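Below is one structure, written out as structure tokens; the observations come after it.
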Protein chains: 2
Amino acid sequence: MAATLKDVAKLCAVHPSTVSRVIRGKENIPISPETREKILEAVKNLNYQPDQTARALRLKKSNVIGLIIPNFSSPYFSSIAKIMELECSKQGYTLIVCDTNEEQEKEIRAVNDLSSRGVDGLIIAPVQECDYHIRELAIKKFPFVLIDRCFDNIETNAVICNDEESAYNAVVHLINLGHKKIGFISGRPNLYPVIKRLSGYKKALQDHDLALQEKYIAGVNPTLEDAFNSAQLLLNLPVAPSALIISGSIITLGVLKAIIEKKLAIPKDISIIGFTDTIYSPYLICPLTTVTHSIKEIGTKAFELLLHNIINEDNPSHSKVTIKAEFFIRGSTTQNNSNE
Amino acid sequence: MAATLKDVAKLCAVHPSTVSRVIRGKENIPISPETREKILEAVKNLNYQPDQTARALRLKKSNVIGLIIPNFSSPYFSSIAKIMELECSKQGYTLIVCDTNEEQEKEIRAVNDLSSRGVDGLIIAPVQECDYHIRELAIKKFPFVLIDRCFDNIETNAVICNDEESAYNAVVHLINLGHKKIGFISGRPNLYPVIKRLSGYKKALQDHDLALQEKYIAGVNPTLEDAFNSAQLLLNLPVAPSALIISGSIITLGVLKAIIEKKLAIPKDISIIGFTDTIYSPYLICPLTTVTHSIKEIGTKAFELLLHNIINEDNPSHSKVTIKAEFFIRGSTTQNNSNE
DNA sequence: CTGTTAGCGCCTTCAC
DNA sequence: GTGAAGGCGCTAACAG
């Protein structure tokens with residue numbers, strides 16, 4: 001059994017609260033050098049570690065921040081976790097991360113679990129099938145900020161991306177290269193960023209007098225297999241697209257699989273633009289042209305908003321910050337020479 | 001402020017302990033249907049959530065398991081996190097994950113933090129610069145299991161890989177293809193798996209009468225940049241290797257970068273075998289031949305050992321389980337036709 | 001400078 | 001079937 005304050009106190013023949021005082025080591029609390037010495041000695045001998053659970057219960061403050069993401073395996077979200085970790089530790093917070101596996105039920109459990117476990121604040125990339133638990137958090141004035149995805153009808157802090165605009169620009173890039181048959185493949189279509197990207201995609205087509213073809217739009221679940229199937233669907237169309245906008249890093253792999261299996265060459269036979277950039281993008285079968293949002297920017301901004309709400313808990317802010325995309329042109333897009 | 005047991009009790013004009021009883025909903029505790037009804041009603045109205053911090057303090061049991069990994073951004077470790085999440089949630093545990101950024105100091109903090117925060121057990125992929133804190137855990141009989149890396153001189157639970165043997169086999173594969181100049185590039189050379197792989201590498205050379213060339217061995221830090229530098233070193237040697245064993249998924253990217261920059265073709269100019277497989281391996285500039293260990297196996301086995309130690313806390317087991325490698329032959333290795 | 005007291009929110013005996 | 005009391009380990013406020 002681990003040593004407690006009491007054990008240390010007994011060993012030193014002082015009161016537990018005295019031990020507590022030297023442990024916390026605040027400057028302005030007067031302690032005689034001898035007792036401090038004595039206590040520090042005992043602490044070392046007993047290998048005493050303050051029980052953070054008890055401390056959190058007492059203080060209503062844990063110095064822990066929770067991050068809830070839908071998928072550890074997504075390089076996008078794991079990079080966000082990485083950045084958040086760095087940011088938190090810089091400010092003396094511990095970060096703990098939960099994976100919801102894109103399941104709404106698990107997200108609700110994670111939110112309840114972490115908040116009732118005394119984390120000081122939460123950063124959430126929501127699954128977005130329901131919003132009840134998010135509303136609850138807002139009502140309780142529990143400090144949290146959403147990232148990547150948000151709800152238009154709830155006032156919250158959120159750090160989101162200019163997905164509509166950046167998708168628009170990506171499509172225009174393809175149009176300028178002479179592409180007229182442009183497909184769009186995503187994971188779950190009801191996701192905030194996907195909705196926005198799709199809207200940008202449609203607008204770009206419209207603005208350039210290209211007819212919208214519903215059959216060029218596909219995507220069901222955020223898995224490699226589903227993306228593979230969606231891509232096959234498009235590639236096997238009688239008139240297949242000459243370019244693809246791909247929404248999601250794992251989705252991109254599924255699409256690549258379909259392209260490889262059909263023995264198409266990138267970009268000769270088909271141009272592709274991926275959302276979002278990962279460390280792998282330059283090293284793929286064809287170096288990937290990507291639209292991406294600075295993960296560092298998302299992370300630091302989210303943390304900043306959260307910290308502000310932790311400090312001003314009674315008077316929470318509700319800012320929606322939008323991060324501007326960057327566009328990395330690599331080898332996966334080229335001129336379309338066919339005339340259609 | 002969130003509602004407490006007391007609030008619910010007051011609203012129902014019962015004693016808090018009564019509320020506690022219905023909340024936990026144990027079968028064998030007798031409660032009159034009316035009071036149960038009344039209390040459940042109030043719980044819903046107040047949106048009462050039991051405070052897990054207080055509960056953990058009282059029960060010495062949190063149903064939380066902590067995972068400590070050196071890098072969220074590594075697909076290897078993030079996949080492990082994924083698997084662990086699935087495993088834990090299957091058994092009613094919540095998983096929380098901490099990233100140590102390969103820093104020993106952060107790992108120590110994470111271990112202390114999580115253990116003093118009442119997690120029921122810990123799974124750790126240690127940084128391996130020191131082992132004091134790991135020893136402490138063992139002495140305290142705190143339930144934990146090491147993964148991927150372990151200490152030869154501490155008795156612990158651990159799930160490790162047959163790195164020596166699998167590296168040996170990988171090198172033999174290259175030798176059988178006619179390669180004689182085989183390089184070895186890793187991240188931190190003092191890491192358990194790297195030591196083992198290197199040892200297997202050396203043994204294979206020796207068994208096939210190939211001289212060990214120290215200059216063919218490189219690697220300092222587990223970063224893309226360092227791997228890039230290491231690879232450049234080898235590739236620019238007067239007599240450069242014709243094949244490379246690469247230890248680590250991020251390391252592989254650094255090596256690819258160097259190969260691309262030197263305009264070498266894989267596998268024509270150089271064959272490579274990577275540890276470990278990721279979802280990206282088939283889609284890289286050249287589909288990667290890899291040695292890998294089933295992450296699912298690692299995760300489920302680690303969880304199993306941990307659970308055993310959580311349940312039998314006073315009488316901990318110390319098993320070292322070794323996972324056998326799989327070998328995926330893809331396109332990045334081929335016959336060496338030069339005669340050297 | 002140090003001890004005493006009270007209580008964070010919960011659960012577990014032990015009464016009745 | 002339910003209430004009362006005590007305590008998990010810690011800290012804050014108040015004494016002295």
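Values in this document were obtained by computation on a predicted structure and should not be read as measured data. Each chain gets a letter, A, B and so on, in the order its sequence line appears, and its residues count up from 1.
In this structure, His15(A) reaches the dT4(C) phosphate: one of its side-chain N or O atoms is under 4.0 Å from OP1 or OP2. A sub-4.0 Å separation between OP1 or OP2 of dT2(D) and a side-chain N or O of Thr35(B) is present.
Atom C1' of nucleotide dC10(D) and atom NZ of Lys60(B) are separated by 11 Å, given to the nearest angstrom. The nearest whole Å value for the distance from the CD1 atom in Ile39(A) to the C1' atom in dG3(C) is 12 Å. Residue Leu57(B) contributes atom CG, which lies 8 Å from atom C1' of dC10(D) at whole-angstrom precision. Taking atom CG on Leu5(A) and atom P on dG3(C), their separation rounds to 13 Å, with Å as the unit. The CD-P distance, from Glu34(A) to dC1(C), rounds to 9 Å in whole Å. Going from atom CG of Asp51(B) over to atom P of dG7(C) covers 18 Å, rounded to whole Å. We find that CZ of Arg24(B) is positioned 14 Å from P of dT2(D), with the value rounded to whole Å. For the pair Ile31(A) CD1 and dT2(C) P, the interatomic distance rounds to 5 Å; values are reported in whole Å.
The base of dG3(C) lies close enough to the side chain of Arg21(A) for a donor and an acceptor atom to sit less than 3.5 Å apart.
Between Arg36(B) and Ala54(B), the residue whose closest nucleotide on DNA chain D is further toward the 5' end is Arg36(B).
For Leu59(A), the side-chain atoms get nearest to dA12(D) when compared with the rest of dA12(D), dC10(C), dT12(C). Here dG3(C) is the nucleotide among dC8(D), dC8(C), dG3(C) with the atom lying nearest to any side-chain atom of Thr18(A). Of the candidates dG9(C), dT2(C), dC10(D), dT2(C) carries the atom nearest the Ser32(A) side chain, counting heavy atoms from C-beta on. When distances are taken from the side chain of Ser17(B) to each of dC10(D), dC8(D), dG3(D), the shortest belongs to dG3(D).
Of all heavy-atom pairs between Arg55(B) and Ile23(B), the closest is NH2-CG2, 4.1 Å. The heavy-atom pair separating Gly299(A) from Ile83(A) by the smallest distance is CA-CG2, 3.8 Å.
For the pair Glu41(A) and Lys44(A), the salt-bridge criterion is not met [side-chain N within less than 4.0 Å of a carboxylate O].
Of the N and O atoms on the side chains of Asn309(B) and Ser317(B), at least one donor lies less than 3.5 Å from an acceptor on the other residue. Residues Asn157(B) and Lys320(B) bring no donor and acceptor atom of their side chains to less than 3.5 Å of each other.
Residue-level contact check: Pro16(B) touches neither bases nor backbone, having no heavy atom under 4.0 Å from any strand.
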